[in-house]
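Here is the structure we will look at.
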Amino acid sequence: MAVDVQQPSARAAAHAPSRISRIGQSKGFLSFWFMLPAAALLLLFLAYPLALGVWLGFTDARIGQAGTFIGLENYEWLMEDPVFWLAVFNTFLYTVVASIIKFGLGLWLALLLNHHLPFKALLRAIVLLPWIVPTVLSAIAFWWIYDAQFSIISWSLVKLGLIDHYIDFLGDPANARASVIAANIWRGIPFVAITLLAGLQTIPQSLYEAALIDGASPWQRFRYVTFPMLTPIIAVVMTFSVLFTFTDFQLIYVLTRGGPLNATHLMATLSFQRAIPGGYLGEGAAIAVSMIPFLLGAILFSYFGLQRRRWQQGGGD
Amino acid sequence: MAVSEEEKLTETSARFWKWGRQNPKDEPEGASTDYLVSLPRRVVTVYIPMVIFLFVLLFPFYWMAITTFKSNEELYNYTDYSPFWVAHPTFANIHKLFFETSYPVWLWNTMLVSVVATFISLFCAVCAAYAIERLRFQGSRLVGMGIFLAYLVPPSILFIPLAVIVFQYGLFDSPLALILTYPTFLIPFCTWLLMGYFRSIPYELEECALIDGASRLQILVKILLPLAVPGLISAGIFAFTLSWNEFIYALTFISSSENKTVPVGVITELVEGDVYHWGSLMAGALMGSLPVAILYSFFVEHYVASMTGAVKE
């Protein structure tokens with residue numbers, strides 16, 4: 001290994017018995033400089049804004065006007081705001097329905113991809129596409145697919161004789177909810193599927209062979225081998241999935257902007273609408289802050305998922 | 001001992017580069033009980049669902065591409081033309097996109113912001129991951145946990161205070177606002193990924209170098225980084241894609257057309273009132289998706305491998 005030797009004295013010191021303590025002493029100093037760039041950016045643009053956001057939630061700040069402290073007034077006002085509660089309801093509906101379906105379909109797709117299939121690499125590349133393409137751009141494609149007059153889905157269903165008039169995908173509250181959830185599921189499946197596939201491949205084949213010798217049926221092999229081995233990864237993947245779905249903004253903004261009649265407003269889109277076009281920064285920040293408790297819950301869940309994974313793999317770090 | 005470890009490692013990293021050229025028999029993956037299932041049964045339980053999945057996952061892209069090349073009269077006429085095919089392909093929509101709108105400028109902005117933000121983040125992440133994983137300073141575990149938590153802070157709760165800060169610093173409506181804010185979600189992610197990668201590189205290599213009198217910086221640059229190239233590539237690709245995909249910051253911090261990124265430009269400028277130019281909208285979406293799609297098609301095996309690593313970790 002060709003490594004330049006700095007100075008003879010450094011080399012001599014390296015052989016001295018105090019070498020370890022010397023490194024130990026300089027460690028803090030070195031670590032400080034190594035951590036500095038990341039820490040500076042994260043403190044300035046992540047930690048400080050997070051604190052500022054909480055503070056803004058307690059003020060009546062508007063665009064172009066620094067706010068004064070008004071205590072819990074924003075939150076009191078939100079408590080009585082039916083649109084806010086509708087947004088909370090929508091956020092939960094959106095998260096729960098989309099996450100469950102994403103999990104089911106994602107797991108199914110992962111199990112399919114885990115078979116010996118021709119063109120395996122190509123298949124994975126194709127499956128990943130919805131996940132890697134910018135959300136806004138694929139949402140525009142969905143916008144066009146859901147078009148009231150020229151929807152290809154409506155056209156196909158009419159031609160097949162299943163319906164007799166075009167569906168108003170984004171104009172009717174119930175349809176709009178279902179449509180945005182469908183688009184979210186479409187985008188989320190690849191992430192769940194590929195991560196679970198990665199998890200599936202870490203399961204030792206010998207377990208399946210043993211189960212097979214004991215006469216386990218395919219369902220029993222899934223239920224008693226695959227599923228328990230996969231549980232910790234499922235916990236982590238689903239936490240991420242729930243977290244991203246809960247705070248989604250792009251898809252709703254492109255497809256419906258919260259309409260019709262606020263039927264698809266999520267907390268994130270409502271917060272944007274109140275703060276930026278509406279100008280009420282304080283109120284928008286309060287809505288954003290009220291998402292934090294739910295996020296913390298999800299993170300704690302993930303934390304225990306990780307703990308369990310460590311424990312399952314034999315403990316220790 | 002150390003040499004053989006190193007050889008093993010170089011061999012491992014060399015394997016990363018031979019994507020798609022491996023002997024399929026070498027792959028441990030896949031259900032080994034497949035041969036027990038008859039072909040007709042496999043068709044019903046595996047191939048048909050797979051084809052349906054592929055159709056659903058790909059259809060929006062097909063629709064995007066088809067619409068891009070349709071002329072307006074074909075686009076809105078489902079009676080004379082089949083909507084599923086293009087009778088007379090035209091480049092009019094793409095031409096309009098590139099020569100009558102600011103689309104090339106948005107592409108350039110997105111590229112600039114993504115590349116610069118990715119490099120800043122990679123630099124910070126390499127240093128941080130090295131410090132946490134190898135220097136093991138006091139409280140490094142806590143910092144590592146903090147980095148993981150930072151990744152979980154979503155942009156949709158940060159954009160309001162960030163907008164205030166960006167305005168105070170006089171960065172509003174400048175690409176710098178995006179270049180400085182994107183690392184907040186890129187650094188945690190890259191650091192987390194690189195920490196796992198560094199952990200997989202044997203520490204003995206570094207110890208040898210330390211005994212030979214190399215400084216920590218020399219070890220990082222000359223030993224660790226060359227071995228971590230696959231990890232750096234995946235972190236870079238992830239970071240680039242995340243920046244390319246970012247929307248809410250770009251929407252909030254940028255107001256003038258010549259500073260917009262592709263996602264924001266397409267959604268705010270290509271829609272004029274109630275008139276949707278679906279042809280050019282789809283062309284914009286297609287052209288904006290292609291760079292990341294092409295990038296991924298080269299590195300998809302790598303992506304899956306690094307994901308596997310992250311899960312195994």
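Source: prediction; values computed, not measured. Each chain gets a letter, A, B and so on, in the order its sequence line appears, and its residues count up from 1.
Partners of Tyr47(B) under the side chain to side chain donor-acceptor pair (under 3.5 Å) rule, at least two apart in sequence or in another chain, are Arg42(B). Checked against ring-ring contact (aromatic ring centres under 6.0 Å, His included), Tyr182(B) has the following partners two or more places apart in sequence or in another chain: Phe185(B).
Using a 4.5 Å heavy-atom threshold, the side chains of Leu58(B) and Ile126(A) count as touching. Residues Phe59(B) and Ile145(A) form a side-chain contact, since some pair of their non-hydrogen atoms from C-beta on lies under 4.5 Å apart. Inter-residue side-chain proximity for Phe272(A) and Thr252(B) is flagged as met; some heavy-atom pair is nearer than 4.5 Å. For the pair Phe34(A)/Val126(B), no side-chain contact is recorded, criterion being any heavy-atom separation below 4.5 Å from C-beta on. At least one side-chain heavy atom of Leu56(A) sits under 4.5 Å from a side-chain heavy atom of Ile160(B). Between Ile157(B) and Leu50(A) the shortest side-chain heavy-atom distance falls below 4.5 Å.
For the pair Leu113(A) and Met50(B), the tightest heavy-atom approach, listed with the atom from each and the gap, is CD2-CE, 3.7 Å. Across all non-hydrogen atoms, the minimal contact from Pro49(B) to Leu112(A) is CB-CD1, 3.7 Å. The two residues Ala131(B) and Met35(A) have their closest heavy-atom pair at CB-SD, 3.9 Å. Shown here for Ile165(B) and Leu44(A), the closest heavy-atom pair between the two residues is CD1-O, 4.4 Å. Across all their heavy atoms, Ala141(A) and Pro60(B) have their closest contact at CB-O, 4.0 Å. Closest heavy-atom contact between Ser289(B) and Val133(A): OG-CG1, 3.3 Å.
Side-chain N or O atoms of Trp144(A) include none that pairs as donor or acceptor with a backbone N or O of Trp278(B) at under 3.5 Å. Side chain of Asn245(B) to backbone of Thr135(A): a donor-acceptor contact under 3.5 angstrom is found. Side chain of Trp186(A) to main chain of Val56(B): a donor-acceptor pair is present (N/O by atom type, distance under 3.5 Å, no hydrogens or angles). Side chain of Ser156(B) to main chain of Ala268(A): no donor-acceptor pair is present (N/O by atom type, distance under 3.5 Å, no hydrogens or angles).
A distance of 7.5 Å separates CG of Leu42(A) from OG1 of Thr184(B), quoted to the nearest 0.5 Å. Here CH2 of Trp244(B) is found 12.0 Å from CD1 of Ile132(A). Values are rounded to the nearest 0.5 Å. Distance check, rounded to the nearest 0.5 Å: OG of Ser271(A) to CD1 of Ile248(B) gives 7.0 Å. Taking CG of Leu41(A) as the start and CZ of Phe123(B) as the end, the distance is 10.5 Å to the nearest 0.5 Å. Interatomic distance, Ile276(A) CD1 to Leu251(B) CG, rounded to the nearest 0.5 Å: 8.5 Å. For the atom pair OH (Tyr253(A)) and OG1 (Thr268(B)), the distance works out to 7.5 Å, reported to the nearest 0.5 Å.
Residue contact with chain A, scored on non-hydrogen atoms closer than 4.5 Å, involves the side chain of Ile187(B) exclusively. Leu286(B) does not touch chain A: none of its heavy atoms, backbone or side chain, sits under 4.5 Å away. Heavy atoms of Leu149(B) lying under 4.5 Å from chain A belong exclusively to its side chain. Using a 4.5 Å cut-off between heavy atoms, Leu281(A) touches chain B through backbone and side chain atoms alike. Heavy atoms closer than 4.5 Å to chain B are found in the side chain of Pro118(A), but not in its backbone. Residue Val166(B) does not touch chain A at all, counting heavy-atom pairs closer than 4.5 Å. Contact of Phe247(B) with chain A is made through backbone and side chain together, with heavy-atom distances under 4.5 Å. Interface remark: Phe249(A) contributes side-chain atoms only to the contact with chain B (heavy atom separation under 4.5 Å). The parts of Leu46(A) that come within reach of chain B are both its backbone and its side chain, each placing non-hydrogen atoms under 4.5 angstrom from that chain. If you measure heavy-atom distances from Leu290(B) to chain A, you find no contacts under 4.5 Å at all. In this structure, chain B has a heavy atom under 4.5 Å from the side chain of Ile292(A), while its backbone stays farther away. Neither the backbone nor the side chain of Trp33(A) comes within contact range of chain B; no heavy atoms are under 4.5 Å apart. In this structure, chain B has heavy atoms under 4.5 Å from both the backbone and the side chain of Leu109(A). At a 4.5 Å heavy-atom cutoff, Val264(B) makes no contact with chain A through either its backbone or its side chain. Both the backbone and the side chain of Leu135(B) come within less than 4.5 Å of a heavy atom in chain A. For chain B, no part of Phe32(A) is nearby; none of its heavy atoms comes within less than 4.5 Å. For a residue to count as touching a neighbouring chain, one of its non-hydrogen atoms must lie under 4.5 Å from one of that chain's; by this rule Ser156(A) touches chain B with the side chain only.
Atom OH of Tyr280(A) has 12 or fewer neighbouring heavy atoms from other residues, nucleotides or ligands inside a 6.0 Å radius. Atom CD of Gln138(B) is surrounded by 12 or fewer heavy atoms from other residues, nucleotides or ligands within 6.0 Å.
A perpendicular orientation is assigned to the rings of Tyr169(B) and Phe45(A), their planes being inclined by more than 60° (bins at 30° and 60°).
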